[in-house]
Colleague: 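Just dropping this structure here.
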Amino acid sequence: MNRSVFTRFAHMIVQVGLLIAIWWACDAVVHLLRLPLSGGVLGLGVVLALLFSGVLRVDRVKVGAQLLLTEMILFFIPAVVAIVRYQDLLVQSGVKLMALIVIGNACVMFLTAFAVEAIVRRGGPDRGLPVAAREQPA
C-alpha cells in the first residue's frame, strides 16, 4: 500500500472518529440533561462553535466530513424503511409530516449556508473553506 494512500486513509479514520466522538459526547449530554433536541444537532452546534472559535481548523475534519457527506445516503436508509413500516401514520398525518420535513430541510439549508458564508467572510478563502477558482490545477 502506498504511504500517501495509507496516510490519507489514517487521517480520514481519525477525523471520522473525532466527529463521531463529538456526536457521542453531545448525545450523552442531551440524555443526561434531558434536552429537547438530538445529540446530532447539539454536536453540529459544538463543531460549528469550535470552527468559529478557531479551536478546530477545517483541515482537521475536512477529509472525514467529506467521507460522511459522500456516504450520506447510507444514513437515510433507516428512514426509508420506517416510512414503509409506518404507512398508516403517513395516511393519517402525511401533510403535517411533509410540512415538517420541508420546513426542517429549509432551516438546515439556511443555517448551513449562513455558517459557510460566515466562515468564508471571517477568514477569507485562505483561512475558511477553499474556493474552487483558487485551487491549483493538477
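These numbers were taken from a predicted model, which means no experiment stands behind them. All heavy atoms count here, side chains included; hydrogens, waters and symmetry mates do not.
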Colleague: Do other residues, nucleotides or ligands put more than 12 heavy atoms under 6.0 Å from the CG atom of D88?
Modeller: no

Colleague: Please tabulate, for side-chain N and O atoms in residues 19-32, each donor-acceptor pair with protein atoms closer than 3.5 Å (sequence neighbours left out).
Modeller:
none

Colleague: Please say yes or no: joined through hydrophobic side-chain contacts below 4.5 Å, possibly via intermediate residues, are L100 and L111 part of one cluster?
Modeller: no

Colleague: What side-chain donor-acceptor pairs closer than 3.5 Å can you find for residues 34-54, not counting sequence neighbours?
Modeller:
residue	atom	partner	partner atom	Å
S38	OG	V41	N	3.2
S53	OG	A49	O	3.1
S53	OG	L50	O	3.1
S53	OG	V55	N	3.4

Colleague: Using the side chain to side chain contact (heavy atoms under 4.5 Å, CB included) criterion, which residues pair with R8? Sequence neighbours excluded.
Modeller: V63

Colleague: Quick test of your reading: applying salt bridge (Lys or Arg N to Asp or Glu O under 4.0 Å), list the pairs with at least one residue in residues 100-117, sequence neighbours left out, ordered by first then second residue.
Modeller: E117-R121

Colleague: Could you work out the complete set of other residues in the hydrophobic cluster of I101, with links drawn between I, L, V, M, F, W and Y side chains under 4.5 Å apart?
Modeller: M98

Colleague: Taking side chain to side chain donor-acceptor pair (under 3.5 Å) as the test, write out the residues that go with R60, two or more places apart.
Modeller: none

Colleague: Any link between L67 and V58 through a network of hydrophobic side chains (Ile, Leu, Val, Met, Phe, Trp, Tyr) touching at under 4.5 Å?
Modeller: yes

Colleague: Supply the atom-to-atom distance K62 NZ to M12 CE, rounded to the nearest 0.5 angstrom.
Modeller: 15.0 Å

